[in-house]
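Residue numbers begin at 1 in each chain, while the letters A, B, ... track the order of the sequences. Values reported hereafter were calculated over all heavy atoms of this structure, with side chains retained and with hydrogens, waters and symmetry mates removed.
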Protein chains: 2
Amino acid sequence: MKTIKEELENLRDGDLYPFHMPGHKRNPDAGSMAGYMDIDITEIDDYDNLHDADGMILEAQKRAKRLYGADETFFLVNGSTSGVLSAVSAAVSEGGLLIAGRNSHKALYNAAYLRKLELRYLSPVRVKVPGGGFLMGAVDPEEVEKKLAENEKAEAVFITSPTYEGISSDIRKIADICHKYNKILIVDAAHGAHLGLHEGLPLNAVTEGADIVIHSVHKTLASMTQTAILHVQGDLVNRDRLRRFLRIYQSSSPSYVLMSSIDSCIGDIEKRGDEIFGGLLYYKDRIFKETADCKNLFIAPAGIISDPCKVLVCARDSAITGQRIYDILRLEYRLQPEMAGDFYALMIITGYDTKDGIERLIAAIKDMDIRITNGDIVKEKSELKKAGINDITEKESGINTEYPKALFPIYKAWDTEREMVDITTASGRVSGEFINLYPPGIPLIAPGEIFTKQMIHDIGEYINADMNVQGVCISGNGDRKVSVLKSAD
Amino acid sequence: MKTIKEELENLRDGDLYPFHMPGHKRNPDAGSMAGYMDIDITEIDDYDNLHDADGMILEAQKRAKRLYGADETFFLVNGSTSGVLSAVSAAVSEGGLLIAGRNSHKALYNAAYLRKLELRYLSPVRVKVPGGGFLMGAVDPEEVEKKLAENEKAEAVFITSPTYEGISSDIRKIADICHKYNKILIVDAAHGAHLGLHEGLPLNAVTEGADIVIHSVHKTLASMTQTAILHVQGDLVNRDRLRRFLRIYQSSSPSYVLMSSIDSCIGDIEKRGDEIFGGLLYYKDRIFKETADCKNLFIAPAGIISDPCKVLVCARDSAITGQRIYDILRLEYRLQPEMAGDFYALMIITGYDTKDGIERLIAAIKDMDIRITNGDIVKEKSELKKAGINDITEKESGINTEYPKALFPIYKAWDTEREMVDITTASGRVSGEFINLYPPGIPLIAPGEIFTKQMIHDIGEYINADMNVQGVCISGNGDRKVSVLKSAD
């Protein structure tokens with residue numbers, strides 16, 4: 001059986017002339033995208049159809065399913081976004097109730113909006129990184145049990161594992177609890193496509209009992225951006241309904257280049273998985289060992305960050321801010337991080353990094369560390385203190401279940417007449433928008449929830465500290481406005 | 001200002017090392033997709049964000065908007081599908097009423113399902129191709145006026161122009177009527193991205209008064225499959241609402257390769273538009289002239305098919321079936337058509353075709369014509385007659401408004417309990433699925449509509465004639481089953 005790429009290359013090298021879409025006609029001079037066109041086709045005879053696969057695309061999906069040990073696997077060309085929308089739409093009736101981690105990707109909130117769902121939130125446990133600050137961590141199985149017991153009408157549970165920072169939940173336990181209640185467990189494992197594919201990696205939700213698992217194959221494996229896969233296990237999920245929504249949320253002209261890249265990525269793992277993941281583990285180990293003597297910087301330990309792909313370069317005792325680590329790595333060492341947290345910069349490594357790249361990272365961390373010791377890098381701790389950031393990171397360990405009270409579900413609030421008001425006057429008003437703090441990306445408030453004085457104070461602090469707050473409009477003169485539902489009067 | 005591709009190439013050739021997604025790290029050896037990875041990135045500093053564009057992506061969208069003369073243009077990485085879903089969701093309230101061509105793409109029906117819309121249908125006028133059969137043609141402005149007058153609650157009108165076969169409606173007239181009623185006109189011009197870009201081409205809906213126009217830039221221009229653009233004009237459309245839905249229906253990790261390919265495609269037209277479209281018009285003219293003497297085959301005339309990209313190779317007086325033309329062109333001449341109609345094969349040509357490809361097509365048509373005359377190609381007219389195809393193509397000229405009666409809107413019927421029954425027993429039952437006939441792709445029946453004896457008879461004829469009917473399950477022993485709502489009893 002040939003791979004999708006081999007089939008497309010045969011077509012490219014053959015004599016069949018294209019009087020069909022795409023309009024570039026696989027012509028290398030077309031549109032100045034030479035090198036990207038010659039295997040880009042549409043559904044023609046013998047080349048299968050993603051939305052009704054029975055040929056080479058089905059075969060490719062089966063290879064992926066076998067690799068992960070899933071019952072069925074679907075290729076996604078509209079990212080994990082389309083996987084989350086489809087999974088939630090298939091698993092929960094319109095207007096139904098879903099128990100979901102508050103740290104869910106925005107696609108989950110969009111699904112709740114489209115399908116008029118009511119959400120009951122799970123609060124990921126906050127975990128302290130010794131020497132650093134707090135991270136949003138795993139979902140507590142006991143909280144899942146409690147929420148299921150309280151919400152008989154819930155149809156499914158939706159959690160994110162591993163998190164952006166690489167923290168995994170105990171999927172086996174959570175799946176067992178969900179299945180005791182006969183509920184579907186959906187795991188957004190967008191960041192965990194590599195899990196379970198090597199003995200040195202954490203287990204994959206697919207083999208740990210989840211009913212639907214969504215993987216972004218571009219995030220930690222070698223597929224192209226915007227590609228993902230969705231796995232289904234068992235018979236709790238209505239597969240016809242799932243297929244319906246996969247067709248709805250994805251282009252009817254899916255890109256063969258994207259599909260081929262998923263297939264090539266899976267094929268590469270089949271052939272060279274040991275080498276690739278062995279390389280990843282070796283890289284992570286070297287980074288740990290060779291930076292172990294640093295005084296001001298450290299790598300968040302594997303005991304907390306179980307995913308070796310996530311390298312959190314942390315400041316010890318607030319020696320420097322995460323944003324400063326990010327900026328210096330990027331601008332002075334020419335190493336582009338993925339994200340800045342309050343006390344760390346998040347670097348993604350994979351088995352596809354080069355030895356040279358890893359060595360540049362290690363050298364940069366060691367060099368920065370010496371410069372901080374020598375006072376060559378201006379510390380910003382005083383700035384942080386002024387902004388009260390230490391209060392934020394020290395506040396609230398353990399489970400936080402204190403989300404704002406919701407007066408309306410998202411779909412009602414988001415489609416009601418709204419107005420912009422000064423945030424200082426918003427206390428007691430119903431929010432018309434999401435306000436998110438990155439990281440960790442959890443909504444501070446969702447449409448339909450009520451602003452409190454404490455929350456308004458906290459949001460002010462985050463903005464003063466130059467943290468990434470989305471959903472507050474800041475005008476030229478510094479006014480901060482938020483969206484609220486129009487008053488009845 | 002640099003193009004997206006130039007920016008990405010600079011990054012590729014620079015010294016910035018990627019400790020971020022995608023996991024392939026732009027490594028040419030990653031995942032065996034060499035040549036497709038090196039400019040594939042995610043949203044990093046300075047590379048903008050499709051969902052909140054203010055840098056190079058915004059600049060690229062502005063170049064596209066200027067080319068088409070639109071007020072605002074959005075790049076789409078999830079195809080025209082995401083454009084149709086977003087346009088309809090933004091233009092019509094949830095649960096609202098939409099007037100739509102019955103020949104709409106399935107994305108329109110999916111939007112109606114997701115947003116619980118009621119649909120009132122417009123019937124494209126059937127047009128006779130002299131010497132051949134009938135095609136589904138333009139929407140009649142008078143019917144739009146009539147439907148708007150009858151349906152005060154309608155919020156928008158949705159039409160497809162040009163059609164798959166290249167027939168355009170009078171957008172100027174239809175837009176004027178819509179605006180007289182203060183309603184939004186959405187034009188699905190997926191097949192018309194090239195229109196209006198050269199004096200020899202038909203006018204583009206963007207400059208003819210439509211409020212939203214959706215173009216598949218991969219269909220007739222040189223962008224990659226799955227790319228599209230959406231134009232907005234005037235102030236009838238709520239832009240915030242449109243942006244919301246564009247974010248909902250598209251990946252939060254949009255492909256830079258796809259976006260770059262849209263930008264490169266637009267740039268190519270800016271630079272070489274006259275050459276490219278001049279080439280297209282020259283090709284079309286040559287095909288017309290050099291096949292003019294054929295006796296059994298002819299090219300559908302420009303008076304009906306105004307779009308030069310669409311070459312309908314038609315059988316004169318049912319000399320041969322469209323499927324047979326398609327198969328012979330493909331298998332014997334190695335020319336892959338886009339589609340087979342009942343009396344024609346549809347070939348797509350663009351300015352990116354090669355002279356050699358066009359000459360092969362001309363030679364093949366002339367050779368086939370001689371072979372038909374000589375009796376070397378078995379005619380299938382008798383088969384056609386037996387199946388009653390001539391009756392079908394001769395039946396119903398003029399406007400057909402006789403769609404089946406709807407008992408429920410699509411969203412109700414599609415989410416109600418359904419069962420499969422033998423089609424012979426379905427008369428009077430409510431359909432639970434779409435049954436489509438390709439071409440023209442118009443639903444014979446939609447979920448919620450009632451089966452009639454005549455329709456069941458017609459569907460049987462189409463299947464007997466080996467036409468492409470979707471939505472009927474045919475078992476191994478020949479039983480034909482359809483989905484209907486479960487009886488109350």
Tell me which of these, [options], has more heavy-atom pairs under 4.5 Å with chain A than the rest.
| options | result |
| --- | --- |
| B:M347, B:Q250, B:E338 | B:E338 |
| B:S93, B:S89, B:P254 | B:P254 |
| B:T354, B:T220, B:V217 | B:T354 |

Could you give me the CA-CA distance, side-chain angles and deciding distance for A:Q226 and B:Q226, then say whether side chain to side chain contact (heavy atoms under 4.5 Å, CB included) is met?
-> CA-CA 12 Å; A:Q226 195 173 314; B:Q226 195 174 313; 3.1 Å; yes
Are [X] and [Y] close enough that a side-chain donor and a side-chain acceptor fall under 3.5 Å?
| X | Y | value |
| --- | --- | --- |
| A:S251 | B:N78 | no |
| A:Y326 | B:D45 | yes |
| A:Y17 | B:D353 | yes |

Identify which part of [X] has an atom lying under 4.5 Å from any heavy atom of chain A, answering side chain, backbone, both or neither.
| X | value |
| --- | --- |
| B:E43 | neither |
| B:L85 | side chain |
| B:L346 | backbone |
| B:F245 | side chain |
| B:Y113 | side chain |
| B:V77 | both |
| B:S252 | both |
| B:T81 | side chain |
| B:H105 | side chain |
| B:P18 | backbone |

Can you measure from [atom1] ([X]) to [atom2] ([Y]) and round to the nearest 0.5 angstrom?
| X | Y | atom1 | atom2 | result |
| --- | --- | --- | --- | --- |
| B:Q336 | A:I41 | CD | CD1 | 9.0 Å |
| B:Y352 | A:H24 | OH | NE2 | 10.5 Å |
| B:H218 | A:S253 | NE2 | OG | 3.5 Å |
| A:M339 | B:M21 | CE | CE | 9.5 Å |
| A:Y256 | B:T225 | OH | OG1 | 9.0 Å |
| B:S261 | A:D40 | OG | CG | 7.5 Å |

[X] versus [Y], closest heavy-atom pair with distance:
| X | Y | result |
| --- | --- | --- |
| A:N110 | B:R247 | ND2-O, 4.5 Å |
| A:P22 | B:S223 | CB-O, 4.4 Å |
| B:K25 | A:T350 | CG-OG1, 3.9 Å |

Residues forming a salt bridge (charged side-chain N to carboxylate O under 4.0 Å, His left out) with A:D240, sequence neighbours excluded =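 With neighbours one apart ignored, the set is empty.
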Identify, with sequence neighbours excluded, every residue that meets salt bridge (charged side-chain N to carboxylate O under 4.0 Å, His left out) alongside A:R418.
->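 Only A:E433 meet the salt bridge (charged side-chain N to carboxylate O under 4.0 Å, His left out) criterion with A:R418.
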Min side-chain heavy-atom separation [X]-[Y] under 4.5 Å:
| X | Y | result |
| --- | --- | --- |
| A:L258 | B:L258 | yes |
| A:H20 | B:I348 | no |
| A:F19 | B:I349 | yes |
| A:R115 | B:L114 | yes |

Within 45° cone of A:W414 ring axis and under 6.0 Å: B:R244 NZ or CZ =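 Cation-pi check for B:R244 and A:W414: passes.
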Short N-O contact, A:D46 and B:R330, less than 4.0 angstrom =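 The answer is yes: the pair qualifies as a salt bridge.
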How far apart are the C-alpha atoms of A:D415 and B:R241, what are their side-chain angles, what is the distance that settles it, and do they pass the salt bridge (Lys or Arg N to Asp or Glu O under 4.0 Å) test?
-> CA-CA 10 Å; A:D415 275 344; B:R241 216 173 136 77; 3.2 Å; yes
Between A:L361, A:I248, A:D263, which has the largest tally of heavy atom pairs under 4.5 Å with chain B?
->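 Max contact count across the listed options: A:I248.
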Winner by heavy-atom pair count (cut-off under 4.5 Å) against chain B, out of A:K106, A:R26, A:E94 =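 Most heavy-atom pairs under 4.5 Å with chain B: A:E94.
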For A:K116, does the NZ atom sit with more than 12 other heavy atoms under 6.0 Å from it, leaving out its own atoms?
->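 Yes, the 6.0 Å shell around NZ holds more than 12 heavy atoms from other groups.
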